Every structure is written in structure tokens, then in C-alpha cells.
Amino acid sequence: MANSAALLHSLLSTAWTPRRRLDRASATRLAPSPGPPCRSRRPARSVRPMASSTTAARADAAPPGLKEGIAGLYDESSGLWESIWGEHMHHGFYDSGEAASMSDHRRAQIRMIEEALAFAAVPDDPTNKPKTIVDVGCGIGGSSRYLANKYGAQCSGITLSPVQAERGNALAAAQGLSDKASFQVADALEQPFPDGQFDLVWSMESGEHMPNKQKFVSELARVAAPGGTIIIVTWCHRNLAPSEDSLKPDELNLLKKICDAYYLPDWCSPSDYVKIAESLSLEDIKTADWSENVAPFWPAVIQSALTWKGLTSLLRSGWKTIKGALVMPLMIQGYKKGLIKFSIITCRKPQAAIEGEPEAASPSVE
């Protein structure tokens with residue numbers, strides 16, 4: 001075990017170069033890229049750009065073994081993550097140039113939730129606050145339980161990982177939230193909920209696993225109540241310049257290595273999400289690049305992995321988790337190159353019925 005831990009320490013430490021701090025990003029309202037969108041897909045473990053992600057997204061089926069791979073990755077790694085980082089399995093949000101300790105990182109994860117809610121202008125007054133919430137790709141339920149406490153809402157979480165669903169329910173019981181937060185194994189592209197059920201549809205870093213982005217956003221819109229808010233926080237690749245019709249070969253190669261480790265079937269740009277939302281007649285569409293605000297996160301994850309507890313836990317967790325750890329420096333590289341974008345996309349389902357849904361008996365909203 002000691003020799004294996006030393007080898008893993010060497011691989012991680014030699015691959016990692018600390019990332020420079022960046023300035024805080026600004027929000028862009030309805031701002032698609034100046035050039036055509038690009039999407040990368042991974043049939044047979046390869047990555048290639050697509051000229052039209054919207055068309056391709058509708059046609060793509062999940063690659064064989066994708067869902068099983070995602071479930072297996074999180075079955076293996078969730079316990080390790082929780083033991084070091086706690087119940088929130090997502091990036092933290094930081095001020096530019098912030099130097100952060102481990103306790104700061106955990107606070108930054110809570111701040112990420114609050115920043116997303118504020119960006120989407122989710123109301124918290126007693127009359128208009130969300131009363132029903134779905135957490136799509138819920139991990140072990142950290143966001144769900146936080147939102148249940150914040151709003152007093154009923155929260156339903158879905159994940160492909162049986163281990164995560166079981167742990168999420170156990171934590172809800174331990175925190176006295178069994179009547180407010182529940183978790184089950186389900187596919188985000190075929191959610192087990194009726195139309196129009198949720199006031200807030202929440203997806204925190206799960207969209208990158210979806211093989212069909214059009215279907216993904218369509219399902220989020222389907223389960224949203226009329227007037228409901230949709231929040232997507234996800235990894236994207238950069239928008240293309242007007243002169244480009246593809247990502248560069250070195251960029252595609254870097255994404256391929258990340259895809260292989262994290263079971264990511266395709267990548268799209270923030271403007272692709274905007275176009276999909278527009279095609280579904282969603283309203284109040286906003287997007288922002290928060291890459292600069294998550295800069296301290298991956299270096300901190302690597303540092304935690306380089307501790308004795310982190311290294312020995314990695315070796316016990318399984319090969320999928322080890323592969324994920326070994327490509328963490330590539331995430332830093334992708335952010336530094338401007339290739340990977342940490343993006344938020346928010347929108348609202350119209351009060352009036354869309355996509356053939358039955359009209360309500362009450363007068364339509366002007």
C-alpha cells in the first residue's frame with residue numbers, strides 16, 4: 001500500500017502545475033457565441049466536434065455502457081469524496097484571488113448554491129418561494145437537503161448510482177429530513193415524474209454526463225411547473241470563433257482524456273444550451289461563465305488527494321476513481337487554456353402551456 005501510494009503521489013504531483021488566479025466573470029444575458037456551436041461526442045472513446053449540436057443532440061443515443069460507467073464511477077468514489085469534502089459533490093464559488101483553506105472550500109460549495117439561486121432570481125418570500133424541487137443528478141443529496149432546509153420545500157433527487165441514492169436517504173433521515181428530501185435511482189433523460197410538478201428544477205454539475213443535451217433540457221422543462229425556474233450548472237467547452245468550425249486538435253485530445261476518465265459522452269458550448277432553451281420556448285434565458293470563480297477548486301482537490309488519507313482512500317476505492325484522480329490536472333489545464341468553461345444557464349418555463357400541453361382553464365397570462 002505504501003509503495004502504491006507513493007507512486008500515485010508522484011503521478012499527481014508531477015502532473016499538476018498550480019493555476020493562476022483570474023478575475024471574476026460577468027454574466028451575459030442571451031449571448032450566444034459569435035460563431036456556430038460545436039459539440040464533441042464520444043463514440044468508441046473518441047471526441048469529435050459537430051457543426052450543429054442541436055441536430056446531433058436529438059439524434060444521439062447513449063453510448064453502450066455509459067449509464068453503467070457513470071453509476072460505477074459514483075458508486076466507487078462517493079464515499080471517498082464525502083469523507084474528505086463532505087456532502088456537496090460540486091465546485092465551490094470563490095472571489096477572484098481568494099486564498100482558501102479546506103473550511104473555506106466547504107463554505108464555497110454552499111456559496112455556489114446561493115450564487116446560483118441569486119443568479120436565477122429564485123424568490124425566497126413565503127408566497128413565491130419554491131415548494132417543490134427536483135435535484136437532477138443529485139449526488140448524495142447535499143443540494144437537496146440544503147434547499148429543503150432553506151425553503152421548507154419537498155425535494156426529490158435522482159441519480160444513476162444506487163450507492164448515492166441509499167446514502168442520500170440515510171443522510172436525510174439522520175438530519176431529520178426524511179419527510180422533505182427523498183432520493184431514487186432514475187435516468188435524467190426519462191424522469192419518473194409527471195409533467196409540471198416542480199417549482200424549481202435544479203441540475204448542479206450533471207449535464208456534462210448527458211449524451212443528448214436536447215432531451216436533457218426538454219426533460220427539465222417537462223417536469224417544471226408553469227412559471228417554474230430551471231437552473232443548470234455544468235461543464236462546457238468554449239464557444240467557437242467565427243472563423244472556426246471545430247475545436248483544435250490539441251483541445252479535442254485533452255477533452256478525450258477527460259471524457260474517458262469521467263464518463264462524459266459529449267461536450268457542448270454555453271451558447272448551445274441557450275439555443276436549445278430558445279427552441280423549447282423557455283423564457284428569461286441567462287448564462288454566465290464562472291470559470292474564474294472556481295479557479296481554486298481543482299488545485300484544492302488535488303492537494304486533498306495528495307494527503308496520506310487521500311492517497312490510501314484512492315487506492316481502496318477502485319480503478320475508476322484512480323483514473324479520475326489522474327486526469328484532475330487536465331481539468332486545470334483545460335480551464336487555464338480557456339477550453340473548459342464552468343457555466344450556469346438559467347431560464348423559466350412560461351406560465352402559458354407550451355409544447356402541446358393542455359391550456360389551463362384560467363385566463364392566460366399577458
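Below, each value reflects all heavy atoms present in this structure, side chains not excepted, and no hydrogens, waters or symmetry copies. Model, not experiment: these values are computed from the prediction.
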Quick one: does [X]'s side chain get under 4.5 Å of [Y]'s, heavy atoms only?
{"X": "F216", "Y": "I276", "answer": "no"}
{"X": "E251", "Y": "H237", "answer": "no"}
{"X": "L147", "Y": "L117", "answer": "yes"}
{"X": "I285", "Y": "E278", "answer": "yes"}
{"X": "D199", "Y": "Y151", "answer": "no"}
{"X": "T234", "Y": "M210", "answer": "no"}

Is the backbone of [Y] close enough, under 3.5 Å, to the side chain of [X] for a donor and an acceptor to pair up by distance?
{"X": "Q191", "Y": "A188", "result": "yes"}
{"X": "K349", "Y": "A225", "result": "no"}
{"X": "N293", "Y": "Y94", "result": "yes"}

Applying ring-ring contact (aromatic ring centres under 6.0 Å, His included), name anything that partners Y273, two or more places apart in sequence or on another chain. none
E219 bridged to R222 by N-O distance under 4.0 Å: yes
Kindly assign one of parallel, tilted or perpendicular to the pair H91 and Y335, based on the angle between their ring planes and the thresholds 30° and 60°. perpendicular
Relative to the ring of W85, is the ring of H105 parallel (under 30°), tilted (30 to 60°) or perpendicular (over 60°)? tilted
side-chain contact (heavy atoms from CB on, under 4.5 Å) filter on V163, not counting sequence neighbours, yields D75, S161
Any link between L171 and V185 through a network of hydrophobic side chains (Ile, Leu, Val, Met, Phe, Trp, Tyr) touching at under 4.5 Å? no
Consider only side-chain heavy atoms of I, L, V, M, F, W and Y, link residues closer than 4.5 Å, and tell whether I231 and M204 are in one cluster. yes
So for atom [atom1], which belongs to [X], do other residues, nucleotides or ligands contribute more than 12 heavy atoms lying within a distance under 6.0 Å?
{"X": "K248", "atom1": "NZ", "answer": "no"}
{"X": "K129", "atom1": "NZ", "answer": "yes"}
{"X": "E166", "atom1": "CD", "answer": "no"}

Determine, step by step, whether K213 and D272 satisfy the salt bridge (Lys or Arg N to Asp or Glu O under 4.0 Å) criterion, reporting the C-alpha distance in whole Å, the side-chain angles of both residues, the deciding distance to 0.1 Å, and the verdict. CA-CA 9 Å; K213 300 297 192 287; D272 292 334; over 6 Å; no
How long is the gap from CH2 on W290 to CZ on F119, to the nearest 0.5 Å?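 Interatomic distance, W290 CH2 to F119 CZ, rounded to 0.5 Å: 6.5 Å.
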